[in-house]
Amino acid sequence: MSVLFYASAFVSVLATLMAITRINVVHALLYFIVSLIALSVIFYTLGAHFAAALEVIVYAGAIMVMFLFVIMMLNLGKPTEEQERVWLKPGMWVGPSLLAAPLLVELVVMISGAKAQTQAGVINAKDVGIALFGPYVLAVELASLLLLAGLVGAYHLARK
């Protein structure tokens, strides 16, 4: 399990560095999403399955929706379609795909090695809150700060 943890940590750090250093916002967003998915794999390997699911659903999903809103706010129209075609060349997907490949391998390994778990009982909202804001409070707050930084960045990029 530690190999999965360190591989995900490496992918997360590398994808985050690539997201920070990209000039093109679309490229940076793709690397940022890979970073968030790698972070969810780290949560999963640490036993925080619910936090891993929240990382993918809430943060990676919210970043994509936020980016969509920024594009809608800009409403650049026809002149930028050609620029988007230039940005979205197939070669652009090589970097994020290479970083996401180890995550896909880890996912297949984890799913193939998973044992069937029986449902012990109903988990209520209080148990989820205690788990999230107990031992995983730092991870949850760091992920929320990361989302806030993305929101502020999107605002500044969309501002005229």
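Bear in mind that the values here come from a model prediction, so they are computed numbers and not experimental data.
- Of the inter-residue distances, the one linking Ser40 atom OG with Leu54 atom CG reads 10.5 Å to the nearest 0.5 angstrom.
- Distance CG/Leu14 to OH/Tyr31: 8.0 Å, rounded to 0.5 Å.
- There is no path of hydrophobic side-chain contacts, each under 4.5 Å, that joins Phe5 to Leu142.
- Each of Leu39 and Leu17 belongs to its own hydrophobic cluster when Ile, Leu, Val, Met, Phe, Trp and Tyr are linked at side-chain heavy-atom distances under 4.5 angstrom.
- Taking both residues in full, the closest heavy atoms of Ala51 and Phe43 are given as O-CD1, 3.8 Å, listed atom of the first, atom of the second, then distance.
- Ile33 and Val56 end up in different hydrophobic clusters when Ile, Leu, Val, Met, Phe, Trp and Tyr side chains are linked at under 4.5 Å.
- Expressed to the nearest 0.5 Å, how far OG1 of Thr16 lies from CG of Leu146 amounts to 7.0 Å.
- Separating the CZ atom in Phe10 from the CD1 atom in Ile42 is a distance of 12.5 Å, to the nearest 0.5 Å.
- Considering every non-hydrogen atom in both Pro96 and Leu30, the closest pair reads CG-CB, 3.9 Å.
- In this structure, the separation between OG on Ser12 and CD1 on Ile37 is 11.0 Å, given to the nearest 0.5 Å.
- For Pro102 against Val11, the heavy-atom pair with the smallest separation is CG-CG2, 4.1 Å.
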